[in-house]
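So the structure is just underneath, and the comments pick up after that.
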2 protein chains.
Amino acid sequence: MSDKDMRQRIKEVAVEYFNNSGYHGTTIRNIAKDVECSLPMIYYYYKSKEELFDEIIRKDYFDLLKRQAALLRRTDGIIDFYTKFVYDLNFLSDYDKRVYRLGIKVYLSFDGDEGLMKIMDDWEKTILPRHHQILKPYLKNAGNDIAIVRTLVHLLETLIQSIVVKNRFLPEAEIREEISIVLREG
Amino acid sequence: MSDKDMRQRIKEVAVEYFNNSGYHGTTIRNIAKDVECSLPMIYYYYKSKEELFDEIIRKDYFDLLKRQAALLRRTDGIIDFYTKFVYDLNFLSDYDKRVYRLGIKVYLSFDGDEGLMKIMDDWEKTILPRHHQILKPYLKNAGNDIAIVRTLVHLLETLIQSIVVKNRFLPEAEIREEISIVLREG
DNA sequence: ATACAATGCTAACGAACGTTAGGTAGAGGA
DNA sequence: TCCTCTACCTAACGTTCGTTAGCATTGTAT
């Protein structure tokens, strides 16, 4: 049938279900049916439903976050750069988008447990400093540097949610306009 | 005990559970236990679990949205006005905050069904025009009026989520700073 | 050939779920 | 007094859940 690893197939189907129906709304039986395998097959590769969910967040979601954060290195021109950063999210694979969406769901405490929330909080603390570092050379404003960084990060959050959570395509021009408004010289 | 009390108590407890555990993670048994009533009592007042969830969104959440939208009438000074609008969300009752949070969860398709999504989409279409109307007198910029409205609405979305979804207190100064950055004259 | 781990299955377990059948207790009008 | 209606209950229904016991098949190393 498929040369793709059964373990991965299970995870892909699970991501779809967790996304659409939440942790409690997802059943091992549904996953098994879509994967076209038996029930205990799931337990052969994953200890439990919770471990399956956990691995998706701890491994796949945070790998994705780190991959995205690693893109925040080069700087062509700050507005071009952030525009591209957001715009490229439109072209993430369906799987990555779903993992991203599921991660945001956990980040907002809409799913998952307290253990996952902890690592989400730890990650969140790194966001503002990272963007502050990138923006520092471009900011020579009065004393509201930090506020601009915060506003940009807030804006990015909504733009990312539009693409990844609401599953909309965001045109480059719209992204550029909004980022320009926050980063224009006051 | 009056019937209205019991009906309302059931709904309040239900809002808490739907918020914390999602629709599928919430059980009628848990609700009944917290309300300190029997299982069929829930069915005496609500036809089913789904009807209970539906009423919270269709009635309580949209009443809250309309109440909030009605505040968007007077305009003291546009920055003061939007700052107050957001800042006051800090002081919503716990119940209103939870209803708001649950509504956003449904709005982001993280819970609820397709029927609820429809009315969410309809509401969303009214947001940009409403704010455009309010901001029109204050916008004399080149041709990016619409982009500014869009950016402001996006920023408001994140600020509201911080307060209502992440349950954080947002200081007035921070709100004002961010709104000022978007609405300052470019 | 034989042994054995890896990979798959059928069938079932007990627990928990949403929901309902069928009642009781008490207040109020005739 | 009897009747009716509202507000509440205990106990159970059938279903589905996460999980597991136990067995079959296969590939590979000895």
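In what follows, chains are A, B, ... by sequence order, proteins preceding strands, each numbered from 1. Values reported hereafter were calculated over all heavy atoms of this structure, with side chains retained and with hydrogens, waters and symmetry mates removed. Remember, it's a predicted structure, so these values are computed and weren't measured experimentally.
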Can you tell me how far C1' of D/dT19 sits from CG of A/Leu52, to the nearest Å?
14 Å

Interatomic distance, B/His24 NE2 vs D/dT16 C1' [rounded to whole Å]
13 Å

Within a 6.0 Å radius of atom NZ on B/Lys84, are there more than 12 heavy atoms belonging to other residues, nucleotides or ligands?
no

Go through residues 32-43 of chain B and report each residue with a non-hydrogen atom lying under 4.0 Å from DNA chain C, sorted by number.
B/Leu39, B/Pro40, B/Tyr43

Which whole-number value in Å describes the distance from B/Tyr46 OH to D/dA7 C1'?
15 Å

Taking any atom closer than 4.0 angstrom to a non-hydrogen atom of chain B, what span of DNA chain C does the protein reach, first nucleotide to last?
C/dC17 to C/dA21

A/Arg29 atom CZ is separated from D/dT15 atom P, nearest whole Å, by 14 Å

Heavy-atom side-chain contact between B/Lys11 and B/Tyr45 under 4.5 Å:
no

Should the pair B/Phe85 and B/Phe81 be assigned to parallel (<30°), tilted (30 to 60°) or perpendicular (>60°) ring geometry?
parallel

Selection residues 18-38 of chain B - residue pairs positive for ring pair (Phe, Tyr, Trp, His ring centres under 6.0 Å), sequence neighbours left out:
B/Phe18-B/Tyr23, B/Phe18-B/Phe53, B/Tyr23-B/Phe53

Rounded distance [0.5 Å steps], CD in A/Glu157 versus NE2 in B/His154
12.5 Å

Would you mind classifying the nucleic acid contact of A/Tyr45 as base, sugar-phosphate or nothing, using non-hydrogen atoms under 4.0 angstrom?
sugar-phosphate

Determine whether more than 12 heavy atoms belonging to other residues, nucleotides or ligands lie under 6.0 Å from atom NZ of A/Lys166.
yes

Heavy-atom closest pair, residues B/Lys105 and B/Asn19:
NZ-O, 3.3 Å

Closest non-hydrogen atom pair between B/Leu89 and B/Lys97, with its separation
O-CE, 3.6 Å

